[in-house]
Engineer: 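Dropping a structure here in structure tokens format, bear with me for questions.
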Amino acid sequence: MLNYSFALGVAVSSLLICVVNLIYTFIQRRTDKLQNRLFIAILCILAVNAACGIVSAVFGGNPDLQAGRSIALNLSRYAYFLTHTALCPLFFYYASNVSFVSTRLTNKNIFLLSLPFFITELMAITNPFTNWVWWLDENLEFHRAWGEILIYLAALLYFVLAFIVVLRTWSFISSKRRTSLIFLFIMVAAGVLVQLLNKDLKVEVLAEAIGFTGVMMSVENEDDRIDMGMGFYNRTALSLDIGGCLTNGRKLKLLMIRIHNSDLVNRLVGNGETNTIADILSDYLKSVVPRYYIYAAEKDTFVITLYSKSFADAEAIADRISTRFDNPWDYGEYSIQLNATVVLADIPTQIKSTAELAYMIDSPTPDSEGRRVLKGDDLQFIMRRHAVEDAISRGFAENSYEVYYQPTFHIDGKLHGAEALIRMHDKELGNLYPDEFIPIAEQSGLIDDIDEYVLEEVCRFLKSGIPEKYGIDNINVNLSVLQCMRPGFVETITRIVESYGVNKHLINFEITESIGASDYGTLSRVIQRLRQQSFLFSMDDYGTGYSNVSNIFSLNFDVIKIDKSLLWGAEKSDMGMVILENTIRMIQQMKKKILVEGVETAEQIKLLERLKVDYLQGFYFSKPIPKDAFIEYISK
């Protein structure tokens, strides 16, 4: 038989572990969720069990301590069984809460599941009168009774149920949490088995305390679920939580708040912060719902989960939030007006998967047309995005893609070149335009295939000799930012063009101003390497972004394409004319060629002739047209 000093050391270690875990939990302020409170209750039970172990070891190992020895040993055993009997049931409800399985439980199910606990707890409470669980002989030696076996069986039942709960939501648990939960199950099972086989090896509480330390570090510690810069749960946490709800049939309402002028606000504040919107909204949103119901899906998009709320209640909350955006927000010395859209959705009626949730977050929200909250049929844009993504995926197999060409001209009217533009003709959705399907292709990872398809079609057209025959200097091909940042991008472009034997100076790559603003260093290296091979480069849509001018022109573009908004604005006001004239003058002073987009009238051409731009593009000459129609157009 082991002496009591071993039992005392194990009990003291267990108590210290539990106390440290409790202190750490309170320091981290993880006390507001039901999950947190259940975890704290489990730690408290283990701490009481460890304290009981200390008392049993001290008085059990010292027969000379006659005064109160019997009372101390009886009380410590009684307190141990009274609390420890509740441990596995609590852990089952903890696991059910973390995985959202608890939401599936009806009152009847909860009652039935609680029956084993009620029975065994009643046995523990009445043990001083029945001795059904344990008893001490005249020498104060501990003896098990048949009731303890029943308690172990009940604990095993809850332990197995908790394991099943975890397995049920396995795909919605992060790998770190999976590891910690498996570690917990192993530690608890080992500790219980050892102590069941040898009552003198009192290691069960220690094993459980160590196991729950892992839970505290991986499950209760939510650093991987929180956007540290914003203080809210992140998008990964949102996907996991909603996935758990959908798996377990939990119904809830979802509010999405999208701020449309976040970039403008960040520039206004001017301190380089990317979390200004979260800072502005944080206190207000926390006054509406508890902080653990708020997720930062993007830097300008926030999602609130509403559990156990009727649609009318959720609608009232949505209206309240939307109304708040009618007034400015104070942020430091600034008074900021936020332009927001609030979307109310029902799970699982309107959002049936985490993919559809992602569609809602990533899709541009439709015009609210004066309505405060988008709801009901307004959410058809989610299904539209789903359908478009499917169309993109099957596009190559069904030959849905086609390259159109829009001609460009010298200022004197002579043909200069063309811009290659992708179009899509889907058998189910009909004609799709780039403004709709290109952003979705970028987010779904299919943009590379589309960009390479356009480049190959242009190379095939150039190889035919037709463009050069009719005096085309070059054809413009758009580049997406994702394509530019891809490893091996330059090598891929070079391989494609060289495989067709096309002169590289016949291809002019276009990069939008907003793309140029995102990463000057990377783009500068890409442009430099491709220019060394004789490719040309244009900046597209100049005048629509907010880039640093010196950085833009350090990228060494051959042509700057001025966006149509500057041309049209010049016709509407004197200020617009000043902006256009000064923009053109600045670009000319930097010795860059200028192409103006959106030319639709003869008056606009006269204006641009006076301003001495180099090239023109617009519907005045031609809309984007298919290749055969383009060949016919330039042949005339």
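These values consider heavy atoms only, across backbone and side chains, with no hydrogens, waters or symmetry-generated copies.
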Engineer: Got more than 12 heavy atoms from elsewhere within 6.0 Å of CG, L115?
Structural biologist: yes
Engineer: Going by heavy atoms in the side chains, are L136 and L73 under 4.5 Å from each other?
Structural biologist: yes
Engineer: Give a yes or no on whether the ring-centroid distance for Y284 and W329 is below 6.0 angstrom.
Structural biologist: yes
Engineer: Atom OG1 of T25 and atom CZ of R37: how far apart are they, to the nearest 0.5 Å?
Structural biologist: 14.0 Å
Engineer: Are the charged groups of D362 and R235 less than 4.0 angstrom apart, N to O?
Structural biologist: yes
Engineer: Are Y233 and V303 side-chain neighbours, meaning at least one heavy-atom pair lies under 4.5 Å?
Structural biologist: no
Engineer: Under 3.5 Å, side chain of T120 to main-chain N/O of F117, donor-acceptor pair present?
Structural biologist: yes
Engineer: In Å and rounded to the nearest 0.5 Å, what is the CD1 to NZ distance from I347 to K251?
Structural biologist: 12.5 Å
Engineer: Anything under 30° is parallel, anything over 60° is perpendicular, the rest tilted; go ahead and classify W146 against W132.
Structural biologist: tilted
Engineer: Heavy-atom distance under 4.5 Å between the side chains of V373 and V343, does that happen here?
Structural biologist: no
Engineer: Take Y293 and L285, measure what side-chain contact (heavy atoms from CB on, under 4.5 Å) needs, and give me the verdict at the end.
Structural biologist: CA-CA 10 Å; Y293 291 153; L285 293 181; over 6 Å; no
Engineer: What do you reckon, are the aromatic ring centroids of F185 and F91 less than 6.0 Å apart?
Structural biologist: yes
Engineer: Any side-chain heavy-atom pair from L252 and I242 closer than 4.5 angstrom?
Structural biologist: yes
Engineer: Would you check if the side chain of S13 reaches a backbone N or O of G9 as a donor-acceptor pair within less than 3.5 Å?
Structural biologist: yes
Engineer: Salt bridge between D241 and R225, side-chain N to carboxylate O under 4.0 Å?
Structural biologist: yes
Engineer: Establish, yes or no, whether a centroid distance under 6.0 Å links the rings of Y158 and Y93.
Structural biologist: no
Engineer: Are T31 and N36 linked by a side-chain donor-acceptor pair shorter than 3.5 Å?
Structural biologist: no
Engineer: When you compare the side chains of S310 and D313, does any donor N or O come within less than 3.5 Å of an acceptor on the partner?
Structural biologist: yes
Engineer: Which heavy atom of L246 sits nearest to which heavy atom of S353, and what is that distance?
Structural biologist: CD1-CA, 3.6 Å
Engineer: Please step through side-chain contact (heavy atoms from CB on, under 4.5 Å) for the pair F302 and M256, ending with a clear verdict.
Structural biologist: CA-CA 6 Å; F302 302 87; M256 184 182 77; over 6 Å; no
Engineer: Would you list the atom pairs, donor with acceptor, under 3.5 Å between side chains in residues 39-50 and any protein atom, with sequence neighbours excluded?
Structural biologist:
residue, atom, partner, partner atom, Å
N49, OD1, H84, ND1, 2.6
N49, ND2, I45, O, 3.3
N49, ND2, T83, OG1, 2.7

Engineer: Between the side chains of S56 and S76, is a donor N or O closer than 3.5 angstrom to an acceptor N or O?
Structural biologist: yes
Engineer: Any chance you could measure L238, atom CG, to Y295, atom OH, to the nearest 0.5 Å?
Structural biologist: 6.0 Å
Engineer: The test is side-chain contact (heavy atoms from CB on, under 4.5 Å); show your working for M123 and L150 and say whether it passes.
Structural biologist: CA-CA 10 Å; M123 292 172 63; L150 191 60; 3.5 Å; yes
Engineer: Measuring only between side-chain heavy atoms, which start at C-beta, is D319 closer than 4.5 Å to V342?
Structural biologist: no
Engineer: Considering only residues two or more places apart or on different chains, which pairs with a residue in residues 115-129 satisfy salt bridge (Lys or Arg N to Asp or Glu O under 4.0 Å)?
Structural biologist: none
Engineer: Got a salt bridge between D32 and R291, using NZ or NE/NH1/NH2 to carboxylate O under 4.0 Å?
Structural biologist: yes
Engineer: Going by heavy atoms in the side chains, are H143 and W135 under 4.5 Å from each other?
Structural biologist: yes
Engineer: As a quick check of understanding, evaluate side-chain contact (heavy atoms from CB on, under 4.5 Å) for Y152 and L156, giving each step before the final call.
Structural biologist: CA-CA 6 Å; Y152 270 109; L156 178 63; over 6 Å; no
Engineer: Once you round to the nearest 0.5 Å, how far does NZ of K33 lie from CG of N97?
Structural biologist: 8.0 Å
Engineer: Can a salt bridge be assigned to the pair K352 and E356 using a cut-off of 4.0 Å between side-chain N and carboxylate O?
Structural biologist: no
Engineer: What I want to check is whether the side chains of Y292 and Q35 have a donor and an acceptor closer together than 3.5 Å.
Structural biologist: no
Engineer: Please round to the nearest 0.5 Å and tell me the distance separating atom OH of Y78 and atom CG of N127.
Structural biologist: 8.5 Å
Engineer: Taking K309's backbone N and O only, do any of them form a donor-acceptor pair with K253's side chain (distance below 3.5 Å, no angle check)?
Structural biologist: yes
Engineer: Taking the side chain as every heavy atom from C-beta outward, state whether V58 and L8 have any atom pair closer than 4.5 Å.
Structural biologist: yes
Engineer: Show the nearest heavy-atom pair for residues L306 and A314, with the distance to one decimal.
Structural biologist: CD1-CB, 3.8 Å
Engineer: Distance from L344 atom CG to S322 atom OG, nearest 0.5 Å?
Structural biologist: 11.5 Å
Engineer: Should I17 and L206 count as side-chain neighbours, where that means a heavy-atom distance under 4.5 Å?
Structural biologist: yes
Engineer: Within the side chain of D346, is there an N or O that forms a donor-acceptor pair under 3.5 Å with the backbone of F311?
Structural biologist: no
